Amino acid sequence: MSIQFPKAYQPKESESKWYEIWQKNNIYKSNEFSENEKYSILMPPPNVTGILHFGHVLNNTIQDIYIRFKRMSGYEVCWFSGIDHAGIATQSRVEKELAIQNISRYDLGREKFLEKVWEWKNTYGGIILKQLRLLGISADWSRTIFTMDANHSKAVIEVFIRLYEEGLIYKGKRIINWSPLAQTALSDEEVEFREVKEHLYTLRYKFPNSDKYLSVATVRPETIFGDVAVAVNPKDERYKDLIGKTVIVPLVGREVKIIGDDYADPTFGTGCVKITPAHDPNDFEIGLRHNLEQINTINPDGTLNELTGEYNNIERFKARKLILKKLEELDLVEKIESYTHNVGFSQRGGEAIEPYLSDQWFVKMKPLAEMALKPVQDGEIKFHPEHWIKTYTHWLSNVRDWCISRQLWWGHRIPIYYSKDGRIVAAHNEEEARIKLNLKNDEQITQDSDVLDTWFSSWLWPLTTMEWLKEENPNNKILEAFQPTDLLVTAPDIIFFWVARMIMANLKFKNIIPFKNVYFTSIIRDGKGRKLSKSLGNSPDPINIIEKYGADAVRFTMIYLSPLGADVKMDVNVQDQDIPSMEIGRNFANKIWNAGRFLLMKIEELEVNDLNNDAILNDNELSISDKWIMSRYNSTLESTKNYLDKFKLNEYSKSIYDFIWRDYCDWYLEILKIQLNSSTDNSYKIKLLNFAIKLYQDIIMLLHPIMPFITEEIWHLLGNKDENESISLSLLPEVNYQLINQEYENKFELIQLLVEEFRRLRAGANIPINNKLPIIIKSNKQEIIDLLKEMQIIIKSFAKASSIEINPENVINDNSIKSVIREIELFIITEGSIDVEKEIERLNKEILRLENNITGCQKKLSNEKFVNNASPEIVNNEREKLQSMQESLIKTKENLAKIRK
RNA sequence: GGGCGAGUAGCUCAGUUGGUCUAGAGCACCUGCCUUACAAGCAGGGGGUCGGGGGUUCGACUCCCUCCUCGCCCA
C-alpha cells in the first residue's frame with residue numbers, strides 16, 4: 001500500500017498519467033447522433049499568440065466543472081474548442097521577429113509575409129491549448145478549429161457578402177480610431193480611455209492686420225496646421241458679434257472664419273475652440289455642419305506630414321513641444337494650465353489613439369442591436385450575475401456603427417472588388433466578381449487591400465465550430481444537436497466585442513440564440529487588489545503553480561475563492577512568484593487522499609478480499625451516525641446541484657469542502673474507528689467498512705468535476721478498476737430524498753454539542769489529553785436519555801472519558817467540572833482538586849449570559865405586538881427558547897451553589 | 001457628467017422572501033497536542049457598534065431615503 005498510497009498526495013505523476021489515458025481512449029469525444037439529452041459549451045477561443053494566465057485557468061475550470069458534471073449526469077456533452085487568429089497581435093508578433101533580421105513586411109510583400117505568419121502559427125501558435133490540458137480540461141479536442149481555417153473563412157466571406165448586399169455594410173470616410181503603432185483602424189471597443197494629466201494651452205489667434213487677438217484654448221497645439229475655423233457659442237455674449245469675422249491661425253498664417261456652433265462650451269477654456277475636422281471627431285461633425293475643409297496634417301505613423309513644414313516627419317508629441325516652444329518665442333501663448341482629461345489608448349499597443357480621417361468599412365448596428373436586445377430582455381438568454389443585462393442593454397441602445405476594416409495583412413481579406421471604372425462588388429472570389437461586374441478575363445480588377453476586424457470572424461464562433469456552411473457536412477447534425485449551447489463562460493470585458501455580436505450573428509444568420517446562459521467570470525487580483533499583470537510582476541505562470549500544487553488544487557482554490565460577480569483576490573508572493581492561497585486546494589486534496597489511505601488501511605486490517613461484495617448493512621444495523629452521514633451526504637449532493645444551477649460556484653465548492661472535511665473526516669471517520677473498535681462481529685465490521693467505502697466512492701464522484709485527477713486516481717485504487725475505465729464516464733447517484741432526515745441531523749447535532757462542550761471543559765481546566773476521567777450526563781427527558789445511551793460509546797471516546805454514566809442513581813461527586821447544554825447537565829469527575837476560582841468565574845459568566853438572553857426573550861414575549869404579529873412558529877420558537885434557557889439557568893445556579901458550599 | 005457594483009472579524013468572503021438561541025466560514029493570530037489516515041494534521045481560544053445618519057416595522061446585516069468611501073463601464 002505504501003507505494004500506491006504515500007502519506008502525502010503526489011499530484012504530478014497521477015495528473016500526467018491520467019490525462020494521457022483519457023486522451024488515448026478518446027473519452028471526451030462527443031457524438032452528435034447520441035439519443036441522450038445534449039449539453040454543450042463553446043470555449044472562448046484564446047488568441048493564437050496567447051499563453052495561459054489565471055484568467056484562462058478560472059474560466060476553463062468553470063466550464064470543465066459544468067461539462068464534467070453534466071457528463072456524469074447522463075448528458076451527451078460537447079465542449080467546442082479552438083483558437084482565434086488575432087489579427088493585430090499575431091501580425092505584430094511576426095513583424096517583430098522579422099525586424100530582428102531587419103526585414104519589414106513590405107520587403108516581403110503580402111503573400112510571402114502571410115506565408116511567414118502561417119509558419120509562425122504552425123510552430124508556436126496555440127501553445128495554450130496544450131497548456132489547458134495540464135488543467136485537466138475535458139474538451140472535445142477533435143473538434144478544435146482555427147478562425148483562419150478554410151471553413152471559417154468561407155463563413156466570414158459569406159456573411160460579409162450577405163450584409164453588404166443587404167446594405168448593412170457600407171464604406172465611409174469617417175474619423176476613426178487610428179493606431180499609429182499597428183497602422184490600422186480600430187473599433188471603438190478596442191480603445192481604452194484613461195485619465196491623463198496634460199496641459200491646456202491658450203493660444204493667441206490674431207485678427208488680420210491687427211494686434212488684437214482671440215484667445216483659443218487647446219490641448220493639442222500640434223494640430224493647428226489642420227485648423228480651418230474657430231468656433232464660439234452663438235449664445236455667448238462675449239463673442240457672438242465676432243461670428244463671420246476671421247482670425248489668423250498662429251504659425252500657419254492661414255486666415256480662418258469664426259463660426260457659431262453650440263458645440264463650443266462657453267464655460268470651457270476661453271469659450272473659443274479651434275476646429276480641426278481631420279483630427280477630432282467632434283470637429284469633424286462641426287466641419288460637416290459648416291461645410292469646412294478637412295486638412296489632414298498627420299502621417300499614418302503618428303508623425304506630422306509635409307503640410308506642417310519644418311515639423312514634417314516629427315513625431316506628434318515631440319512636435320507638440322517644438323511647436324509650443326516656437327509659439328512661446330513668438331509670444332503667441334497666453335497661458336498654460338494643467339488639465340486632466342480622458343485620452344484613448346490602443347488596447348493592444350498601448351499607444352495614444354490618433355483620431356484619423358480615412359475610408360473605412362462599417363457595419364450598421366442599429367438593426368442588429370435591436371435583434372440582440374430582445375432575447376436577453378425576455379430572459380431567453382440569461383446572464384449571471386444578472387446585473388450585466390443593464391450594461392448590455394445600455395450599450396446596445398446607444399451602439400454606434402462598427403468599423404470592421406483593418407489595414408493589416410493577417411486576417412480575412414475584405415471580399416470587395418473594384419473595377420477600373422469605379423464599380424464595386426462583393427464576391428466570394430475574383431472569378432465571381434468578374435461575372436458580377438461583367439468584366440472580361442483580361443480587364444483589370446482589384447480586391448480591397450484591407451482585412452476584417454478579428455471580431456468580425458469571432459462573432460461567427462457558434463456557427464463555425466459546428467461546421468456551418470461546410471461543404472463536407474451539408475446535412476449538419478451538429479448544429480441541430482448542440483445549438484443553442486447551454487453555457488458561455490467569459491470575462492465581462494468582451495461583453496460588447498463578442499457576446500453581443502455572437503447573439504446578433506446567430507439570430508441574423510441562423511435565427512437561433514447561440515447560448516442559453518452566460519456566466520461572467522470575475523477579475524483576478526493580487527492581495528493588494530491589483531490586476532495580475534506581467535509588468536507588475538504579480539502574475540506567476542500558472543504552469544509553475546500547477547506544477548507545485550497540482551492541477552486539482554489550483555482548480556479547487558480558484559473556484560473556492562471566486563464568488564459570482566465579485567473579483568477574486570489571491571495572495572501573490574512576487575519574490576517567489578508563488579500563490580500561497582493554493583494551499584487551500586492542496587491541503588484539501590491531501591485530506592481526501594488520506595481519508596482514502598485510511599480506508600484502504602482498514603481494508604487490509606480486516607482482510608477484506610472483495611470490495612464490491614454484497615455485504616451491506618441492513619437498515620436496522622445502521623447507527624444514528626450512519627444515518628446522519630447519509631442524510632448529510634444527500635443534502636450535500638442536492639445543494640451541490642442547486643448551487644451549480646444558480647451558478648454559485650464558490651458555494652458549490654464550499655459545500656463539498658465542508659461536507660468532506662467536517663462531516664465525513666472529522667466526525668464520521670472518527671466514529672467509524674470507534675464503531676469498528678467496539679465491535680467483535682467481523683461480518684458487521686466488514687459491512688460497516690463497506691458502507692463507509694461506498695459512501696467515500698460516491699463522494700469522490702461528487703468531487704470529480706472540480707478535482708478530476710485525484711478522484712480518478714482514488715477511484716481506481718479503491719475500486720480496483722481497469723485503467724481504461726474512467727470515473728468521468730460513470731454516473732453520479734441521484735439524490736435520495738428519503739435519506740435526508742432532519743431528525744437524525746438534529747440528534748447528531750446535539751451529540752456534537754455535548755462532545756464539544758466536554759472538550760471545552762477539559763481544555764479550560766487544562767486536563768492533558770491522556771488523562772482520561774469519568775464523565776456523567778444527566779437529562780430528564782426520556783428521548784434524550786435513549787439517544788445518549790445509544791451514543792454513549794462514541795461520546796465517551798470523543799470526550800476522552802475513562803467511563804461514562806447516564807443519569808446515575810448515586811449522588812454526583814462535587815469534585816467535578818459541570819456545565820449545562822440545552823438543559824442537559826454534563827460532569828467531568830476530576831480526581832484531584834479543581835480550580836474553584838476558575839470554576840466560579842466560568843459559571844458566573846454563563847449565568848450572566850443566560851440572564852441577559854432570558855431578559856431579552858421575556859421582553860420580546862411580553863410585547864403584545866410581537867406575539868400578535870409574528871408568525872406562530874417564531875413565537876413558539878421563542879417560548880421554547882425561553883423555557884430551555886430558564887431551566888439551564890436554574891441548573892447552572894445549582895452547580896454554582898454546590899461549589900460555593 | 002451618466003450607469004453598474006461593493007462596503008460584515010487583521011485579510012478574503014457567506015448570511016437565501018426581515019425573526020434559529022452568542023452574526024458564520026477559511027486564512028492569519030494565540031494555547032495545547034507528532035492521539036497508529038492526514039503536522040498539508042487534530043482539539044480549543046481571542047477577535048465584529050454588520051461604512052455613517054435617518055426612516056418603515058413588534059422586530060433590520062437584510063427593506064426605503066440620505067451621506068461617505070472604494071472599484072468598474074460608458075461619455
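Letters A, B, ... mirror the listed sequences (proteins, then strands); counts begin at 1. Quick caveat: nothing in here was measured; it's all calculated off a predicted structure.
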Please name the pair of heavy atoms, one in N594(A) and one in R597(A), separated by the smallest distance, quoted to 0.1 Å. OD1-NH1, 2.9 Å
Assess whether a salt bridge exists between E605(A) and K602(A), defined as any Lys/Arg side-chain N lying under 4.0 Å from an Asp/Glu carboxylate O. yes
Has W395(A) got a side-chain N or O lying under 4.0 Å from the OP1 or OP2 atom of C4(B)? no
Specify the separation, in whole Å, of atom CD of E651(A) and atom P of C13(B). 13 Å
For R759(A), which contact category applies under a 4.0 Å heavy-atom criterion: base, sugar-phosphate, or nothing? sugar-phosphate
Which part of the nucleic acid, if any, lies within reach of Y560(A) when heavy atoms closer than 4.0 Å are counted: base, sugar-phosphate only, or nothing? sugar-phosphate
Ignoring hydrogens, what is the shortest heavy-atom contact between T490(A) and N59(A)? Give both atom names and the distance. CA-ND2, 3.5 Å
Length of the CD1-P vector between I714(A) and A37(B), whole Å: 16 Å
Counting only side-chain N and O atoms of K673(A), is one of them less than 4.0 Å from OP1 or OP2 of A37(B)? yes
According to a strict under-4.0 Å criterion, is N398(A) in side-chain N/O contact with OP1 or OP2 of C74(B)? no
A39(B) base to K7(A) side chain: any donor-acceptor pair below 3.5 Å? no
Atom CG of D493(A) to atom P of G71(B): distance rounded to whole Å? 18 Å
N587(A) has its side chain closest, among C73(B), A40(B), A37(B), to A40(B)
The side chain of K591(A) is closest to which nucleotide in this list: C42(B), C73(B), G26(B)? C42(B)
Using a heavy-atom cut-off of 4.0 Å across all strands, would you classify D666(A) as base, sugar-phosphate, or nothing? sugar-phosphate
Would you mind classifying the nucleic acid contact of E386(A) as base, sugar-phosphate or nothing, using non-hydrogen atoms under 4.0 angstrom? nothing
Atom CZ of R762(A) to atom P of G45(B): distance rounded to whole Å? 14 Å
Are the aromatic rings of F758(A) and F798(A) close, with centres under 6.0 Å apart? no
With a 4.0 Å cut-off, would you call D645(A) and K641(A) a salt bridge? no
Base, sugar-phosphate, or nothing for K390(A), non-hydrogen atoms under 4.0 angstrom? sugar-phosphate
In whole Å, I'd like the distance from the CG atom of D658(A) to the P atom of A14(B). 15 Å
Could you check how far CD of E605(A) sits from P of A37(B), rounded to whole Å? 8 Å
Check the angle between the aromatic planes of Y664(A) and Y696(A) and answer parallel, tilted or perpendicular using the 30° and 60° thresholds. parallel
State which of G41(B), A37(B), A40(B) makes the closest approach to the side chain of N594(A). A37(B)
Dot-bracket for RNA chain B, 5' to 3', Watson-Crick and G-U pairs with both distances under 3.5 Å, [ ] for crossing pairs, | for partner on another strand, reads (((((((..((((.....[....)))).(((((.......))))).....(((((..]....)))))))))))).
Distance check needed: C38(B) C1' versus L600(A) CG, whole Å only. 15 Å
Taking A40(B), C13(B), C42(B) as options, the one with an atom nearest any side-chain atom of W661(A) is C42(B)
Any base atoms under 4.0 Å from R822(A), or only sugar-phosphate, or nothing? Heavy atoms, all strands. base
Nearest of A40(B), A37(B), C13(B) to any side-chain atom of N590(A)? A40(B)
Most 5' of K602(A) and K654(A) on RNA chain B, judged by nearest nucleotide: K654(A)
Phosphate contact (C13(B) OP1 or OP2) by K648(A) side-chain N/O below 4.0 Å: no
Checking the side chain of E15(A) only, and the main-chain atoms of A551(A) only, is there a donor and an acceptor separated by less than 3.5 Å? yes
Should the ring pair W667(A) and F748(A) be called parallel, tilted or perpendicular, given that the plane angle runs from 0 to 90° and is split at 30 and 60? perpendicular
Check: W388(A) ring centre within less than 6.0 Å of Y392(A) ring centre: no
What nucleotide among C13(B), C42(B), A40(B) has an atom nearest to a side-chain atom of A8(A)? A40(B)
